[in-house]
Amino acid sequence: MKEAVRFSKYDNDDNKYWNSHYKKIGYSSATEFYEGELASMTRLLNYRKESATDKDSKLEDIKRREKPS
């Protein structure tokens with residue numbers, strides 16, 4: 001997504017088309033759309049990292065049963 005943001009700032013025919021498309025659906029440009037997606041993806045990844053850490057710590061709290069000899 002960082003590359004999409006960077007490339008969306010170039011002045012070329014493809015970006016003119018996509019800027020026009022995103023303006024029709026409520027964004028000021030394709031760059032604004034990609035920046036929003038990047039922020040959403042970053043929040044999701046951070047949430048998943050935090051969740052994984054929470055699960056790991058909970059697993060450490062679980063005591064294992066010993067096998068009978």
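Here S8 contributes atom OG and E3 contributes atom CD; the two are 10.5 Å apart, rounded to the nearest 0.5 Å. Put simply, CZ on R43 and CZ on R48 are 13.5 Å apart, with the number rounded to the nearest 0.5 Å. Put simply, CZ on R6 and CE on M1 are 13.5 Å apart, with the number rounded to the nearest 0.5 Å. Between Y22 atom OH and Y17 atom OH the span is 9.5 Å, to the nearest 0.5 Å. Note: T31 OG1 to Y10 OH = 11.5 Å, rounded to the nearest 0.5 Å.
Criterion: ILVMFWY side-chain heavy atoms under 4.5 Å apart, direct or through other members. Under it, I25 and Y34 are part of a common hydrophobic cluster. Hydrophobic clustering, with ILVMFWY side chains joined whenever heavy atoms are under 4.5 angstrom apart, keeps Y27 apart from F7.
Closest of all the heavy-atom pairs between N15 and K9 is ND2-N, 4.3 Å.
Looking only at distances, a side-chain donor or acceptor of S40 sits under 3.5 Å from a matching main-chain atom of G36. Side-chain N or O atoms of N19 include one that pairs as donor or acceptor with a backbone N or O of A30 at under 3.5 Å.
Taking the side chain as every heavy atom from C-beta outward, E37 and F33 approach each other to under 4.5 Å.
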